Amino acid sequence: MRHGKISNVYSVLLNAYGPQGWWPVYSLRQTEGRDERGYSDKPPGKLSPLSRFEIAAGAVLTQNTSWFNVEKTIDTLSRSGLLDPVKILDVPQSELAASIRQSGYYNQKARKLKILAAFLLDGEYLQDGKFPDRDALLGLWGIGKETADSILLYAYGVPFFVVDTYTKRIFNRLGVLTGDEEYDEIAEKFSSCFKSDAAVLQEYHALIVRHAKEQCRKKPECNGCVLRESCLLNLQNNPSSKNF
DNA sequence: TCCCAGGGGCCGA
DNA sequence: TCGGCCCATGGG
């Protein structure tokens, strides 16, 4: 049963790294008494509309881009007063593109941010107690499954598991996945394992990112890896495994 | 200089 | 359906 391994890996990673406290929210960094990294200690349902929008925007900005660069962009946006869906709709797209330049793909991402801002404002999805339908998010240009699930999970606390390259890489190497599974199939494996507990799904994805950055890189650093013993990489008998 | 980074859209076979 | 290409900056 794969569920056993999935929950076991969660325990191992949580024990090794501790709670990750995702998602860092810039606006909270400015608040007295808050962790200086801006990690939210509030459940997503209690986030302010602007914090919620910041998470959604961050999910777009980090597409195929390191969070380090995204943070600088969010900082730039905030300083110029653009970390606000109304302002994003007001400003010319070329100007928005220039201000998010550091996070790459700036022309595409400027268009995506405008589309997303309009959608969230029109549906009043930044207000408390209301969150967008997944299919509606997926219908937006520039929002794929990973981005939609990141927004739903971290901005709204809706229990969707976020499947990214890191997830595929780690669990292919562990032999839990083969590399042929569809996105939704992988997401279902994880979310059903934790009875769709949003807090755990948030934590697990964060731990996966941490582990992929520190150990399970594209070129793996197996020394000191807490999953080393259970990893198929050690057995060298997994020729069919796809490399992510 | 080269590789990599928390994807997604589009197009042709 | 699936592979290949495009988008693009910045750090190691």
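Naming convention: chains lettered A, B, ... in sequence-line order (proteins, then strands); numbering from 1 in each chain. Just so it is clear, the model here is predicted, and its values are computed rather than measured.
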Quiz item: Between atom CD in A:E221 and atom P in B:dC3, what is the gap in whole Å?
Solution: 20 Å

Quiz item: Aromatic rings A:Y204 and A:F161: how do their planes relate, parallel, tilted or perpendicular, breaks at 30° and 60°?
Solution: perpendicular

Quiz item: So, for A:F190 and A:F171, is the gap between ring centers shorter than 6.0 Å?
Solution: yes

Quiz item: Between A:T76 (side chain) and A:K72 (backbone), is there a donor-acceptor pair under 3.5 Å?
Solution: yes

Quiz item: Rounded to whole angstrom units, what separation is found between the OH atom of A:Y183 and the C1' atom of B:dG9?
Solution: 17 Å

Quiz prompt | Dot-bracket summary - DNA chain C, pairs being Watson-Crick or G-U whose distances fall under 3.5 Å, with | when paired to another strand | solution = |||||||.||||

Quiz prompt | d(CG, A:L140; C1', B:dG7) in whole Å | solution = 15 Å

Quiz prompt | Residue whose nearest DNA chain B nucleotide is more 5′ - A:K219 or A:G144 | solution = A:K219

Quiz item: Can you give one letter per nucleotide of nucleotides 6-11 of chain C, 5' to 3': B if a protein heavy atom sits under 4.0 Å from the base, S if only from the sugar-phosphate, - if neither?
Solution: -BBSSS

Distances under 3.5 Å only, N/O to N/O: pair up the protein atoms with those of nucleotides 11-13 of chain B.
none

Self-check item: Separation of atom NE2 in A:H205 from atom C1' in B:dG7, rounded to whole Å
Solution: 12 Å

Quiz item: If you look at every strand shown and take non-hydrogen atoms under 4.0 Å, does A:I100 touch a base, only sugar-phosphate, or nothing?
Solution: nothing

Practice problem: Could you tell me which non-hydrogen atom of A:L120 sits nearest to which non-hydrogen atom of A:A56, and how far apart they are? | Solution: CD1-CB, 4.0 Å

Quiz item: Atom CG of A:D164 and atom P of B:dA5: how far apart are they, to the nearest Å?
Solution: 11 Å

Practice problem: Indicate yes or no: does A:R210 engage A:E214 in a salt bridge with an N to O separation below 4.0 Å. | Solution: yes

Quiz item: Under 4.0 Å between a Lys/Arg side-chain N and an Asp/Glu carboxylate O for A:D128 and A:R52?
Solution: yes

Quiz prompt | Nucleotide B:dC4, atom C1' - distance to CD of A:E214 in whole Å | solution = 17 Å

Practice problem: Flag yes if A:V86 and A:F119 sit in one hydrophobic cluster, no otherwise; membership is Ile, Leu, Val, Met, Phe, Trp, Tyr, and two members link when side-chain heavy atoms are under 4.5 Å apart. | Solution: yes

Quiz item: What do the steps show when you test A:D164 against A:K145 for salt bridge (Lys or Arg N to Asp or Glu O under 4.0 Å), and what is the final call?
Solution: CA-CA 9 Å; A:D164 60 1; A:K145 291 178 176 178; over 6 Å; no

Quiz prompt | Euclidean distance, A:Y154 OH relative to A:D149 CG, rounded to 0.5 Å | solution = 10.5 Å

Practice problem: Scan A:I143 against the nucleic acid and name what it touches under 4.0 Å (heavy atoms): base, sugar-phosphate only, or nothing. | Solution: sugar-phosphate

Quiz item: How close or far is atom C1' of B:dG7 from atom CH2 of A:W141, stated in whole angstroms?
Solution: 11 Å

Self-check item: Flag, side chain of A:E181 to backbone of A:T178, donor-acceptor distance under 3.5 Å
Solution: yes

Quiz item: With the 4.5 Å side-chain cut-off for hydrophobic clustering, are A:Y105 and A:W67 part of the same group?
Solution: no

Quiz item: A:L138 has an atom CG; how far is it from atom C1' of B:dG8, in whole Å?
Solution: 11 Å

Quiz item: NA contact type, A:R169, heavy-atom cut-off 4.0 Å: base, sugar-phosphate, or nothing?
Solution: sugar-phosphate

Practice problem: Would you check if the distance from the ring center of A:Y125 to the ring center of A:Y156 is below 6.0 Å? | Solution: no

